[in-house]
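Below is one structure, written out as structure tokens, with a few remarks after it.
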Amino acid sequence: MTVPLLSFDRNRDAARQDAVQLQSRRERLQQRAKMMEALRAWFREGDFLEVESPVRLPAPALEDYIDAVEAGEGAWLRTSPELHLKRLLAAGYPRLFEIGPCFRKGESGDHHREEFTMLEWYRVGGTWRELMEDAQGMIRKAVESLHPGKLSLPFRGGDIDFLGEWEELTVEEAFQRYASVSLRQAMDRGEFEMVLCTEVEPHLGKERPLFLTEYPLECSGLSAPLPGKPGFVARWELYVAGLEIGNACTELADPEEQERRFLNTAALRQREKRPVYPMDQEYMNALWRGFPLCAGTAIGLDRLAMVLTDAQEIAQVRAF
């Protein structure tokens, strides 16, 4: 008896249901495509160079609670293009951006996927403050492209005002206002992320986008220290109606401090019996050669598309 190498389930009902589901996303996918055109136009106007960096890496960035997807033969899929882009900055490139796929193990749900689309951009000579202006200008351009003449958009049952002044709140102030414990208490108990996600984030950016600023150093492995405020870093995250869509900072340029932070992260991951990735030696070499003052931002484009199309889950703004 011959056993077939392949077998197929010829389920026409399932095929029809798949086609209906894919067709239901068409309008939002068209809007997403217009968003991408607007973003690239904004970067061209600002004289940013678009680049592509590797997706399969021998050494993903060491971060406390971001896990990489294994890609076989001692390699991983990137969690972000950050370290490669910063090597280009160290080599003399003044302004860069990249749009492409990134991967984070175990992330799933209405607002998370293991595979997602990331936008990252960097400015030499810039700080986290300049990147606030970048984010506002870029997102407003995308809003205008999708919804001409209308800069207040519906999302999650409310109206978000993109035209007016965006709000700013420090992490410490946000914990005082919304959390059941202080920031210091949450840090000492190892509950920072839990309290931030469950008690603080739902209140952020309800009527206008909000920059959450001045993060604790302990949970910011690649950010520069905040001048005049020991224990905090020059970093913000951007929220719209409780949804975090972006993360930015003035980049850490001190190689000794970066090595210390990577080693601390490796020790934490080892204690918690999670994978410890190799040190990215080429990135560290770039820091030791001399790294310019610069700042960088990462925006989750699936989430930004959700905001601009009033979608409730990532699946509505991706083809697959």
Side-chain angles (χ1 to χ4, degrees), residues 53 57-68 76 78-96 102 104 118 120-132 170-172 183-184 186-188 190 192-193 196 211-237 246-272 274-298:
S53 62
L57 310 177
L62 265 170
E63 298 187 70
D64 288 356
Y65 293 107
I66 294 179
D67 294 331
W76 292 265
R78 69 181 182 188
T79 58
S80 88
E82 179 172 357
L83 301 189
H84 280 87
L85 296 185
K86 286 159 79 170
R87 283 169 57 192
L88 289 171
L89 298 176
Y93 291 72
R95 288 175 296 279
L96 298 168
C102 292
R104 294 183 180 180
M118 180 88 85
E120 286 206 19
W121 76 92
Y122 291 83
R123 282 186 177 274
V124 168
T127 69
W128 64 318
R129 289 291 176 184
E130 281 84 3
L131 295 184
M132 287 182 175
T170 70
V171 173
E172 200 162 29
L183 173 60
R184 189 68 264 163
M187 295 298 298
D188 290 344
F192 172 77
E193 290 292 341
L196 178 68
F211 292 109
L212 188 64
T213 65
E214 300 184 10
Y215 274 70
L217 184 150
E218 295 100 311
C219 57
S220 307
L222 293 155
S223 306
L226 186 62
K229 195 165 182 180
F232 292 85
V233 295
R235 174 185 168 195
W236 54 256
E237 290 194 351
N247 178 35
C249 68
T250 303
E251 303 295 341
L252 179 63
D254 181 342
E256 291 186 353
E257 174 65 11
Q258 186 63 81
E259 282 191 0
R260 185 188 69 79
R261 293 192 195 178
F262 278 157
L263 290 171
N264 285 344
T265 293
L268 170 68
R269 296 180 69 90
Q270 188 173 46
R271 286 196 304 272
E272 297 185 352
R274 293 183 293 118
V276 179
Y277 311 122
M279 182 83 74
D280 188 326
Q281 192 57 58
E282 290 180 302
Y283 174 65
M284 292 307 305
N285 290 346
L287 288 185
W288 281 108
R289 283 195 303 270
F291 195 71
L293 170 67
C294 64
T297 312

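Here the closest non-hydrogen pair linking P255 and A253 is CD-O, 3.2 Å. Across all non-hydrogen atoms, the minimal contact from P225 to L252 is CD-CD1, 4.0 Å. Of all non-hydrogen atoms in L57 and R78, the two that sit nearest each other are CD1-CB, 3.5 Å. The nearest pair of heavy atoms linking G221 to Q258 is O-NE2, 3.1 Å. The minimum heavy-atom distance linking Y277 with A68 is given by the pair OH-N, 2.7 Å. Closest approach of F192 to C219, counting heavy atoms only: CE2-SG, 3.7 Å.
Here A90 pairs with A286, F291 under the side-chain contact (heavy atoms from CB on, under 4.5 Å) rule; sequence neighbours left out. The side-chain contact (heavy atoms from CB on, under 4.5 Å) check on E218 picks up R184, M187, P216, with sequence neighbours excluded. For T170, the side-chain contact (heavy atoms from CB on, under 4.5 Å) criterion is met by E172, E173, T213, E214, not counting sequence neighbours. A search for side-chain contact (heavy atoms from CB on, under 4.5 Å) contacts involving A295 returns L131, not counting sequence neighbours.
The backbone N or O of D64 lies less than 3.5 Å from a partner atom in the side chain of R274, making a donor-acceptor pair. The closest donor-acceptor contact from the side chain of Y122 to the backbone of E251 lies at 3.5 Å or more, if one exists at all.
With a 4.5 Å cut-off on side-chain heavy atoms, C294 and Y93 do not count as touching. Within the 4.5 Å cutoff, side-chain heavy atoms of R269 are placed close to those of P275.
One finds the OG1 atom of T250 at 13.0 Å from the CG atom of L222 (value rounded to the nearest 0.5 Å). The CG atom of N247 sits 9.0 Å away from the CD atom of E120 when rounded to the nearest 0.5 Å. A distance of 6.5 Å separates OH in Y283 from CD in E82, rounded to the nearest 0.5 Å. Distance check: E193 CD to Y65 OH gives 8.5 Å after rounding to the nearest 0.5 Å. The structure places CG of L226 at 11.5 Å from SG of C249, a figure rounded to the nearest 0.5 Å. In this structure, CZ in R104 is found 4.0 Å from CD1 in I66, a value given to the nearest 0.5 Å.
Pairs engaging residues 256-266 under the salt bridge (Lys or Arg N to Asp or Glu O under 4.0 Å) rule: E257-R260, E257-R261 [sequence neighbours left out]. Note on residues 275-295: pairs passing salt bridge (Lys or Arg N to Asp or Glu O under 4.0 Å), not counting sequence neighbours, are R87-E282.
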* Going through the checks in order, is the side-chain contact (heavy atoms from CB on, under 4.5 Å) test met by R95 and W121? -> CA-CA 7 Å; R95 288 175 296 279; W121 76 92; over 6 Å; no

* To do: Evaluate the side-chain contact (heavy atoms from CB on, under 4.5 Å) criterion for residues T297 and W128: first the C-alpha distance (whole Å), next the side-chain angles of each, then the deciding distance (0.1 Å), finally the verdict.
  => CA-CA 8 Å; T297 312; W128 64 318; over 6 Å; no

* To do: Please assess E237 against Y215 for the test side chain to side chain donor-acceptor pair (under 3.5 Å), listing each intermediate value before the final yes or no.
  => CA-CA 9 Å; E237 290 194 351; Y215 274 70; 3.1 Å; yes

* Could you please spell out the steps behind the side-chain contact (heavy atoms from CB on, under 4.5 Å) verdict for F232 and V171? => CA-CA 10 Å; F232 292 85; V171 173; 5.8 Å; no

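The pair R123-E130 does not meet the salt-bridge criterion, since no charged nitrogen lies less than 4.0 angstrom from a carboxylate oxygen.
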